[in-house]
Amino acid sequence: MDKKCISVVGLGFIGLPLALSFCEKGFQVYGVDVDPGKIDLLQRGMAYVTEDDDGVPLDAHLKKHLAAGTFIPTTEMEHTRAKVSAYVVTVGIPVHPSGGQLIYEPLDAAIDALGSVIMRGQLILLRPTLVPGTVEQRLLPRLTAVSKLAAGSDFHVAYAAERVAEGRAMKEFRTLDVVVGGLTPACTQRASELLAELTDGAIHQTDLRTSQLAKVVENVQRDVNLAIVNELAKVAQAHEVDLYHLIEMTNTHPRVQLLMPSVGVGGFCIPNAYLYLRDSVEDKDMMPLFETARAVNAGVPHRLVEAAALRLQDRGRRLTGTRVAVLGLGMKDGSNDTRQSPAVDCALAFAAAGADVRAFDPTVPRATFDFQVETMAECLESAAVVVVGAWQPEFESVPWKDVWPLTDTPVIIDPRHRLDTFLPSPQPSGQLS
Ligand SMILES: NC(=O)c1ccc[n+]([C@@H]2O[C@H](COP(=O)([O-])OP(=O)(O)OC[C@H]3O[C@@H](n4cnc5c(N)ncnc54)[C@H](O)[C@@H]3O)[C@@H](O)[C@H]2O)c1
């Protein structure tokens, strides 16, 4: 077993850039994923994750390491047996879109597969966001049952949550601090040594439970901070003051840091954090603040629909039947991940209110949603409402002065003012509500 040979299990938005980041650090990486479609694309040099590593697209890293034989995508975990020193797992716990139930099957399956290949002396480093306690209460018993080996003595187990942001993951793998907690001090040490090969950031050692909690708490804190500003949007409107000016003035206090408003809070991480935390405790009512923050953020797309309808009404128009253009469908700026995307929620909320929705996002595969169109021109044609859902870098080279006249003097919903500098003449954009 070669120390510089590892396996990354799960090649999604996090696992793929993580695997290639290890390759860039001189590792040979077996990338394992159960999705044969993804492995086929990877073997053909096609990365399905939008990522830019200081000007180098993920595709370029992929092609380089495929050619060098340093990245080997496979569906067969068995191929990695005896070759690797560590398994780095990125398979998470998705949340059912309707109902919020946690879906453990993918992670359970990955752990069972690991149990059948793990050998003495190897490390399992878990990196997904988890319900705190999952490692001890769920994963270790499965690993022991399948492998018939003793976790902590025969092989090492540690947890170090992934903290990177999609779109700039490779850069952040190299720079961010990591919190790591092992089953034993030796497990923590072994994981720290591997992580130190990847990041120049500090490695903070703690216990297994604290490391799992820390990740979820980081996400909950962001949910609460974002909810503050999303709620303030209503307060600013009630006082008839400019929300952005209010934020600017408030942030002159050295200990205050209000965030910018948005079309909502999405992705695999922040919206799930409260659900994970709630699932980890018996008393489900102990976190009313976190629960409320979640509800405030989840309600933003609907509030934006109401705001647009009021502004149309001021112009003597109705939302029903009106063309609404949604620009960008990623769960945040620069991302092609549409899971739990507030931009998609906005499009759906406008459609549910009777609007004629068209959406354009050059990074999201066509026909993912039936309201998607092929070009910016098609999207903006006759639009009386324009919503900036997620700003994609490609939008900066759109010939705005040619396509903007296609619109119908639209109401602009652009909470982050991304569109301002691209419009041919000053527009009253950025009004949130
Ligand atoms: N996406 C983010 O921005 C982000 C940031 C930080 C942390 N995280 C966390 O990282 C984890 C992974 O997130 P993601 O966005 O990469 O998810 P993802 O769904 O994009 O990737 C998971 C991958 O695992 C594969 N998979 C499922 N079951 C498997 C199995 N049994 N064996 C091997 N592969 C299997 C899937 O096919 C998929 O490719 C989650 O816990 C998430 O919360 C995500």
Side-chain angles (χ1 to χ4, degrees), residues 7-21 30-42 47-51 58 73-80 87-97 102-117 124-132 134-135 139 142-143 146 159-173 176 178-179 211-212 214-220 222-223 265-277 279 330-341 390:
S7 172
V8 171
V9 180
L11 296 174
F13 285 92
I14 293 302
L16 179 57
L18 179 63
L20 293 171
S21 296
Y30 285 86
V32 179
D33 201 291
V34 284
D35 184 339
K38 281 185 177 172
I39 295 301
D40 180 52
L41 284 174
L42 292 177
Y48 33 75
V49 175
T50 310
E51 176 80 43
L58 205 61
T74 174
T75 52
E76 302 301 322
M77 193 156 334
E78 191 60 33
H79 288 171
T80 64
Y87 291 94
V88 182
V89 181
T90 71
V91 182
I93 308 173
V95 173
H96 204 279
L102 307 187
I103 304 169
Y104 280 99
E105 283 81 3
L107 179 59
D108 286 346
I111 292 298
D112 290 348
L114 277 168
S116 65
V117 295
I124 295 178
L125 176 57
L126 299 152
R127 306 218 62 182
T129 312
L130 296 177
V131 173
T134 300
V135 179
L139 307 187
R142 291 187 91 97
L143 271 174
V146 180
Y159 178 79
E162 203 40 77
R163 295 170 136 179
V164 300
E166 275 178 34
R168 47 176 191 269
M170 288 196 72
K171 186 170 185 186
E172 293 194 343
F173 287 132
L176 288 188
V178 185
V179 174
S211 63
Q212 292 166 80
K215 169 65 184 177
V216 181
V217 171
E218 287 162 20
N219 288 345
V220 164
R222 287 186 58 71
D223 213 17
V265 179
F268 204 172
C269 281
I270 299 177
N272 294 348
Y274 163 66
L275 297 174
Y276 287 4
L277 213 44
D279 206 61
M331 59 94 167
K332 66 176 182 180
D333 292 350
S335 168
N336 69 331
D337 183 357
T338 55
R339 294 171 302 178
Q340 292 173 263
S341 164

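Counting starts at 1 for both ligands and their atoms, following the listed order. The first residue of the sequence shown is numbered 1, and numbering continues consecutively from there. None of these values were measured; they are calculated from a predicted model.
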Self-check item: Min N/O separation D35 to ligand 1 under 3.5 Å
Solution: no

Practice problem: Would you check whether M331 has a nitrogen or oxygen atom less than 3.5 angstrom from a nitrogen or oxygen atom of ligand 1? | Solution: no

Quiz item: With a 4.0 Å cut-off on heavy atoms, does C269 reach ligand 1?
Solution: yes

Quiz item: Short N/O distance, under 3.5 Å, between E162 and ligand 1?
Solution: no

Exercise. Please indicate whether any nitrogen or oxygen in F13 is less than 3.5 Å from any nitrogen or oxygen in ligand 1.
Key: yes

Self-check item: For T75 against P36, the heavy-atom pair lying closest together
Solution: CG2-CA, 3.9 Å

Quiz item: Has ligand 1 got any nitrogen or oxygen that is less than 3.5 angstrom from a nitrogen or oxygen of K38?
Solution: yes

Practice problem: Report yes if some N/O of V91 lies less than 3.5 Å from some N/O of ligand 1; otherwise report no. | Solution: no

Quiz item: Which of the atoms in ligand 1, numbered in the order shown and given with their element, are less than 4.0 Å from a heavy-atom of V9?
Solution: 33 (C)

Quiz item: Quick check: are there more than 12 heavy atoms from other residues, nucleotides or ligands sitting under 6.0 Å from CZ of R339?
Solution: yes

Quiz item: If we only count N/O pairs under 3.5 Å, is E166 in contact with ligand 1?
Solution: yes

Quiz item: Is R339 in contact with ligand 1, taking contact as a heavy-atom separation below 4.0 Å?
Solution: yes

